[in-house]
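A short write-up of the structure that comes next.
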Amino acid sequence: MSMDYYNTRELQGKQSHDPYFIDKMSNKSSSSSSSSSSSSSSASSPSPSPSSRLVVCGPVIVGAGPSGLATAACLKLKGVPSVILERSNCIASLWQLKTYDRLRLHLPKQFCELPFMPFPNDFPTYPTKQQFIQYLDDYATKYDIRPWFNETVASAQFDPTLGFWRVRTTGVKGGDETEYVCRWLIAATGENAEAVVPKLEGMTEFKGPIRHTSLYKSGEDFREKKVLVVGCGNSGMEVCLDLCNHNARPSLVVRDTVHVLPREMLGKSTFGLSMWLLKWLPMRLVDRFLLVASRLLLGNTSRLGLYRPKLGPLELKTLSGKTPVLDVGTLAKIKSGDIEICPAIKRLKPHAIEFIDERTEKFDAIVLATGYRSNVPIWLKESDMFSKEDGLPRTPFPNGWKGECGLYAVGFTKRGLLGASMDAKRIAEDIERCWKAEAKHCTPFKASLFPLSSSSPPSL
Ligand SMILES: Cc1cc2nc3c(=O)[nH]c(=O)nc-3n(C[C@H](O)[C@H](O)[C@H](O)COP(=O)(O)OP(=O)(O)OC[C@H]3O[C@@H](n4cnc5c(N)ncnc54)[C@H](O)[C@@H]3O)c2cc1C
């Protein structure tokens, strides 16, 4: 394949590119007789393939969720334009497309704001999903962030010869390949990129619907049905409550120990109170306080079949990333018997489920609240910064945001939006330093090594 097959596209607008880089590429393009094309000539290029393009740019951010938006905004405020590549057709696709209707932020709004823009005063303490999406839309508008949608990053690899990252995307339905060449690559694909669906024995035999929470919208679809919810994190607990509120009959599989805490204590959010106490007291003492207060407010949860882990909620979160459940009313429904607690599943039968205690019960549907995982190992061709096992940075918080050769991670701290905002600010500061230094010294891009007009261009 020769360079004729590429349509080299410049980035438009304020959120565009490293001018020096583009310049080099354009000069090289125009000097290479008829073979390559720049943005202005791409339409009349002799024989560009409509399905292959080459784009050269400044920082590339993969993912237009809250983390990607926060990073683009922080970079913009430092005068560094960036490009966001997003696989879906909207910002915050997790929130817009994969969450249930009754969802609200689990944490108070002041702990979920993105850098430099608080939530509106008239938003409640726990904004609804729609309000959060509105906030993110306003954020993108305020900072003029315009992600490139329907661009799934299939691979990203550092090219040591060029000294740049080569990021390959595919468009809708796998068509329209584009290769981006950039100095900085920011992974913002999130800890929740792919649904985790466990393999259950007899899964193909079960006759009712089996739905992951990413596809669950409302209990309306399950009215009068007996539904087994698998997984007792925040989503599983809340889905059970939603099912109750829609006159379905939910049961909850609880395999592991779990910390359930009231969402609020002493008129304050449990999360906010914990953060405040941590300023003065050691974590173990704060954990003791949380457990005593929870016992007083919620009672002994182990009597309901919800056994607490040995480590306290904050220590467990710090060491394993496991988030405590903040109760929004589910526990009352468990106490009243509206939600039944079940042990682990042994196997599924056509209309029933057998549990490990040999009990078999009839069920009409299953909801899998079995969580999500990072997809970084699928597309990022490196294994120093990110673990191949869980797709998260190997270096623990707060130092996991920076890798080698201009690689960064935002939103992989297991600390929600607060952690993402911290990462975004650090990344922007770091890139700004290099950006300014490079602009000063004008380190030449090794364009001569990039075979723009040769007969063996980089393969897509
Ligand atoms: C139900 C639920 C409730 C939550 N509530 C809270 C809360 O109250 N407070 C809080 O702080 N956190 C909460 N979280 C955690 C949540 O993950 C973060 O709030 C936030 O969505 C993380 O943002 P992100 O941008 O890192 O990831 P995401 O929001 O997941 O965004 C990542 C983006 O990357 C895109 N992407 C993935 N792979 C590719 C690829 N190969 N190429 C191109 N694009 C790609 C995705 O389409 C997505 O748009 C909640 C999570 C869930 C699931």
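No hydrogens, no waters, no symmetry mates; every other heavy atom, side chains included, goes into these values. In this chain, numbering begins with 1 at the start of the sequence shown.
- Ring-centre distance between Phe386 and Phe412: below the 6.0 Å cut-off.
- Each of Leu228, Ile339, Val227 was scored for a side chain to side chain contact (heavy atoms under 4.5 Å, CB included) with Ser251, with one residue passing: Leu228.
- Remark: side-chain polar atoms of Ser336 are paired, donor with acceptor, to backbone N or O of Lys333 under 3.5 angstrom.
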List the steps, then state whether side-chain contact (heavy atoms from CB on, under 4.5 Å) holds for Asp384 with Glu404.
CA-CA 8 Å; Asp384 290 339; Glu404 297 294 325; 5.6 Å; no

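- A donor-acceptor pair is defined here as one N or O able to donate and one able to accept, closer than 3.5 Å; such a pair exists between the side chain of Gln131 and the backbone of Thr128.
- Between the side chain of Asp287 and the backbone N or O of Leu314, at least one donor-acceptor pair lies under 3.5 Å.
- Every residue two or more places apart in sequence or in another chain that forms a side chain to side chain contact (heavy atoms under 4.5 Å, CB included) with Thr125 is listed here: Pro108.
- Applying the salt bridge (charged side-chain N to carboxylate O under 4.0 Å, His left out) rule to Asp159 yields the partners Arg166; only residues at least two apart in sequence or on another chain are considered.
- For the pair Leu380 and Leu185, the minimum side-chain heavy-atom distance is below 4.5 Å.
- The closest side-chain heavy-atom distance from Ile334 to Leu306 is below 4.5 Å.
- Considering only heavy atoms from C-beta on, Thr152 stays 4.5 Å or farther from Thr169 through its side chain.
- The CG atom of Leu277 lies 9.0 Å from the CG atom of Leu285; values are rounded to the nearest 0.5 Å.
- Phe119 pairs by the ring pair (Phe, Tyr, Trp, His ring centres under 6.0 Å) definition with Tyr135, not counting sequence neighbours.
- Within 6.0 Å of CG on Asn121 lie no more than 12 heavy atoms contributed by other residues, nucleotides or ligands.
- Atom OG of residue Ser274 and atom CE of residue Met283 lie 10.0 Å apart, to the nearest 0.5 angstrom.
- Inter-residue side-chain proximity for Ile91 and Ile145 is flagged as unmet; no heavy-atom pair is nearer than 4.5 Å.
- Contact between Leu261 and Pro324 at its shortest, heavy atoms only, is CD1-CB, 3.9 Å.
- Using modelled atom types, no side-chain atom of Asp242 and backbone atom of Ser218 make a donor-acceptor pair closer than 3.5 Å.
- Listed by first and then second residue, the ring pair (Phe, Tyr, Trp, His ring centres under 6.0 Å) pairs involving residues 333-378 are His212-Tyr372 (not counting sequence neighbours).
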Could you walk me through whether Tyr126 and Ser269 pass the side-chain contact (heavy atoms from CB on, under 4.5 Å) test, one step at a time?
CA-CA 10 Å; Tyr126 299 94; Ser269 83; 3.4 Å; yes

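- Residues Val410 and Ala420 approach most closely at CG2-O, 3.5 Å, considering heavy atoms.
- Residues that satisfy the salt bridge (charged side-chain N to carboxylate O under 4.0 Å, His left out) test with Asp137, not counting sequence neighbours, are absent from this structure.
- A donor-acceptor pair under 3.5 Å is absent between the side-chain atoms of Lys414 and the main chain of Gly411, judged by distance alone.
- Classification of Lys346 and Glu201 as a salt-bridged pair fails, no side-chain N sitting under 4.0 Å from a carboxylate O.
- The only option from Ile431, Ile84, Val62, Val60 that meets the side chain to side chain contact (heavy atoms under 4.5 Å, CB included) definition with Ile186 turns out to be Ile431.
- Note that CD1 of Ile61 is 8.5 Å distant from CG of Leu69, once rounded to the nearest 0.5 Å.
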Might you work through the side-chain contact (heavy atoms from CB on, under 4.5 Å) test for Leu417 and Phe132, ending with a clear yes or no?
CA-CA 12 Å; Leu417 297 155; Phe132 184 52; 3.7 Å; yes

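- Residue Phe123 holds its CZ atom at 8.0 Å from NZ of Lys109, rounded to the nearest 0.5 Å.
- Looking only at side-chain heavy atoms (C-beta outward), Met265 and Ser294 come within less than 4.5 Å of each other.
- Formation of a donor-acceptor pair under 3.5 Å by the Asn234 side chain with backbone atoms of Leu326 is found in this model.
- Of the possible polar contacts, one joining the Lys129 side chain to the Thr99 backbone as a donor-acceptor pair under 3.5 Å is found.
- Below 30°, between 30° and 60°, or above 60°: for Trp148 and Tyr180 the angle between ring planes is above 60°, a perpendicular geometry.
- Lys98 and Ala193 make their closest contact through NZ-O, 3.7 Å (heavy atoms, listed as atom of the first residue, atom of the second, distance).
- Looking at Ile427 and Lys402, their side chains never come closer than 4.5 Å, going by heavy atoms from C-beta outward.
- Here the straight-line distance linking atom CH2 of Trp184 with atom CZ of Phe164 works out to 7.5 Å at 0.5 Å rounding.
- Here the shortest heavy-atom pairing between Cys74 and Phe116 reads SG-CE1, 3.9 Å.
- Every residue two or more places apart in sequence or in another chain that forms a side chain to side chain donor-acceptor pair (under 3.5 Å) with Asp357 is listed here: Arg359.
- Applying the side chain to side chain contact (heavy atoms under 4.5 Å, CB included) rule to Met385 yields the partners Glu382, Leu407, Ala409; only residues at least two apart in sequence or on another chain are considered.
- With hydrogens and angles disregarded, no donor-acceptor distance shorter than 3.5 Å links the side chain of Glu432 to the backbone of Leu75.
- A 4.5 Å side-chain heavy-atom check between His259 and Leu291 finds at least one atom pair inside the cut-off.
- Screening residues 318-332 for side chain to side chain donor-acceptor pair (under 3.5 Å) gives Lys317-Thr323 as the qualifying pairs, with residues at least two apart or on separate chains.
- Interatomic distance, Arg168 CZ to Leu85 CG, rounded to the nearest 0.5 Å: 13.0 Å.
- Sequence neighbours left out, the pairs with a member in residues 216-235 that pass salt bridge (Lys or Arg N to Asp or Glu O under 4.0 Å) are Arg211-Asp221, Glu220-Arg223, Lys226-Glu340, Lys226-Glu361.
- Thr370 places no side-chain N or O within donor-acceptor distance of the main-chain N or O of Gly231, the cut-off being under 3.5 Å.
- Around CZ of Arg394, the count of heavy atoms belonging to other residues, nucleotides or ligands within 6.0 Å exceeds 12.
- Residues that satisfy the side chain to side chain contact (heavy atoms under 4.5 Å, CB included) test with Glu238, not counting sequence neighbours, are Tyr100, Arg102, Leu103, His106, Val328.
- Side chains of Val286 and Leu273 form no contact here, defined as non-hydrogen atoms less than 4.5 Å apart.
- Applying the salt bridge (charged side-chain N to carboxylate O under 4.0 Å, His left out) criterion to Glu315, with sequence neighbours excluded, gives Arg284.
- Applying the salt bridge (Lys or Arg N to Asp or Glu O under 4.0 Å) test to every pair with at least one member in residues 81-97, sequence neighbours left out, gives these pairs: Arg87-Glu194.
- Thr270 places a side-chain N or O within donor-acceptor distance of the main-chain N or O of Pro262, the cut-off being under 3.5 Å.
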Please lay out, stage by stage, how Leu97 and Cys90 fare under the test side-chain contact (heavy atoms from CB on, under 4.5 Å).
CA-CA 9 Å; Leu97 310 175; Cys90 59; 4.2 Å; yes

